[in-house]
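Quick notes on the structure that follows.
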Amino acid sequence: MKNTENIPENKNHYIERFTKAWAIFIKNPMGKTGLIILLVFMLMAIASFFVPLLGPVYHPMTGADPNITYSTGPSFQHWLGTDFIGRDLFVQLLEGAKVAFIVGLSCAFISVVLGTAIGMISGYAGGIIDTLLMRVADIFMVLPSLVILLILASLWELSIWVIIFIIAIMRWPSVSRIIRSQTLSLKSRPFIEASRVAGASNFRIIFKHIMPNVLPLAFLYMTFRVTSAILVEAALSFLGFGDPGQVSWGMMLQWVWSSGHMFQAPYWLLPPGICISLLTLSFYMLGRAMDEVLDPRLRKEEEV
Amino acid sequence: MTEEQNIQTPIIELNGVTKEYSSKKSFLSKAGTSIIALNNISLAIQKKEIFGLVGQSGSGKTTIGRILVKLEQPTKGIIKLNGKPANSLKGKALENYRSKVQMIFQDPYQSLNPHLSIAETILEPLVVNKIGNAVTRREKVIETLEIVGLSPGQEFYHRYPHQLSGGQRQRVAVARAIILDPEFIVADEPTSMMDATIAIQLFQLLLDIRKKFKMTFLFITHNLAAARFLCDRIAVIHNGVIVETGSAEMVIKDPQHAYTKKLILAQPGFNFKN
Amino acid sequence: MALLSVENLSVGYKSKNGLINAVNNISFSIEQGRSLGFVGESGCGKTTLGMTLMGLLPENASILKGDIFFNDHNLARFNDEQWRRFRGKETAMIFQAAMNALNPVIRVDEQIAEVIEIHNPLMSKTEIYTQVKKMFDLVEIPENRLRDFPHQYSGGMKQRAIIAMALACMPRLIIADEPTTALDVIVQDQILKEIKKIQKALNTSIIFISHDIAVVADVCKDICVMYGGHIVEKGTREEVFKSPRHPYTKALLGSYLSLDSEENIKVPEMRDSPDLITTTGVCMFANNCNCKSQDCKNKTPGWVNLSSTHQALCFEEVLNKDKND
């Protein structure tokens, strides 16, 4: 009887890999800056849940200050001022951060999950399945997503979740292309062949052997997808086709413009504009820093 | 008839196996060119022997190994396992074949999934063939680890490939190959990436395993001396054709084919005359 | 006077976990026209040594101490500019993956001509191409293949072209780092013959680095065995290979498979590769050695003279005990 009880556990593998990757990541000034900016926005998004509790005045959509009926500049009561019907701009900005996160992350998540699954299947299966899936990907890739969204939004009133879903559907092809090429190179690697010789099914090979190897790449692409989703949603809202029941940064800009305050109220115009730029920039910086973590040349140096 | 089968049925038989690689027909060149990797290969491997396949790079020796473990299909010819044709197996029959024929790959840095622990890697054949339960599998893995010289097995159980040396990794690959108790193992240059002092220990391990479990090996190598050390019989392959087959002693002491002679002459040796 | 003499050379790599002592306190010298072989297994420091002698150390590596004298120059103190002028003219290197050292879009003869031109700017075009022809003649590449592109050459021919390139400026020392490792046995045999012939014909010195003891024994008259960054045994090839004394040399020879006999095969018990970061002041081989002497793990072994040319880095009692076995 073999002693199978006292096997020293070694659960540190993923922790160890994470700490290693983290060390490279945090050394990168871009990664560090991006992370700090991102943390600030996260705090803003979290704060958006609590601020309305202060009173009905601080509700981003309906909380118009009864004493103010026109746009005012920053004051003690309204840190960034109010919009043309007396709603607090700071509260709207916080709400916008929350929406930007929801839009960015859910879009990125849906498109990356979809893209990764399709990319792995396409690359692994090859042949006719590969050709078909990639042609579909090509078709989606050349569709102008903003124009299509505009047309759809002008026909129906789209809720924020429908918008998220449509953006995600338009964005998976580029992810699936990358994952497919990675899968192609993995497919012929000896450890995949060894698993096949052992009798593993295709399903098992894809999920047990290929997926852990493409996940880091998928994760990287997720950060880039976040950026583009936030920008598309902002553009849509600014053009007046966003979810009318939802405050977002794009919507704030739309209100500045439609209420004719474009050149009169910099305290209203600038914050949402700066926030959109900074948030997308921070995700982009995170992506670049992660790129460095995943760069095989850098990793090799690490192993020496 | 039955008596003849008892004595003669080789465990593995290749009959007139030919493998052609053709470049895809494109629409400019309709014919498409083809390269003949293996040309009419016939060989029979008897039970419990270590059969050496010696050849230089590009000779087609690895292709034979890959055909035997069903990673590739021959263009022509017949493969037999225990006298039964095994060319186009599917489903259950293929599963059955794979549990009997295993492979040790050349590069232990490439043949182990870096994301799986040693236990997960060795467990895989048991899991996919649905053998045993969690407890018996665990015992079997530890037992196998100790057979391949990674003892105490408990200590290696939860490690990851990057925590092992090249020699230890190849032992893990050996453990994965033998855990199903296969009848036949293809070892494709298992030591070509290793230092001599480590390689000889792996050879010793393969010899021990053969003795203990009565397994049959096909040992693919470019090194004639290694084949001589390990193998009972040797086939020399050159440009996709087997040019000579015989007992290891005979092939080296008394080579018949011009290519074998050339190969033996080219071996660097310790002659200090010049 | 020796052509090249290396004294107490140590080379280290900076790494996350500390300084890796890849080459540790190595001394040797080589005379004009001699051939010196370095043999050892992965991680023994032989490639780092070759790189050091060519001034090609990577950025995270540096010479920690010691001198490298070549004629009157101390190569250990050279700067980049001095190396550039020195490399290729006085010494040349044949690399492990030499096949990749040829530019695929330039004709072979032009690549070799370029090397000559760089180091001899005053030479005329005709002189240069006469020299190129001479080199190709020496490595036995037929004249009608001179104007080929590298991809038209076989692996063996590429390696010959690389040797021709190394010889182009008639260097006095050639450093060959595993020049035949990627080649098939038959081609390897031809290249080794070529190297020996050229060495004799031009009276060049050769430092030959390989993991394959038979290849080193074939080419070199003097041998250094390396382990864990140290030279552990040196002597003529007859001394080192016929009557090895250091336990590691014995293990290396014991695991060498030849076509002749199996009698000398002794499967060694080697597990640990030496830790080049933390191990200091003891014998690097102690963990794998079967001598089981207490000294090995506490003291630094010194050089024991076995003959005027044969030395081993070990303890006298271990060497004597082993001899009696």
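Lettering follows sequence order; numbering is per chain, from 1. Below, each value reflects all heavy atoms present in this structure, side chains not excepted, and no hydrogens, waters or symmetry copies.
Listed for the E41(C) side chain is a donor-acceptor partner under 3.5 Å among the backbone atoms of T197(B).
Between A214(C) and P268(B) the shortest heavy-atom distance is CB-O, 3.6 Å.
Residue M194(B) holds its CE atom at 10.5 Å from OG of S42(C), rounded to the nearest 0.5 Å. In this structure, CG in L257(C) is found 11.0 Å from CG in L224(B), a value given to the nearest 0.5 Å. Atoms CD and OG, on Q204(B) and S255(C) in that order, are 12.0 Å from each other to the nearest 0.5 Å.
Contacts between residues 185-193 of chain C and chain B, counted as heavy-atom pairs separated by less than 4.5 Å, involve V185(C), I186(C), Q188(C), D189(C). Scanning residues 256-264 of chain B against chain C with a 4.5 Å heavy-atom cutoff picks out Y259(B), K262(B), L263(B), I264(B), ordered by number.
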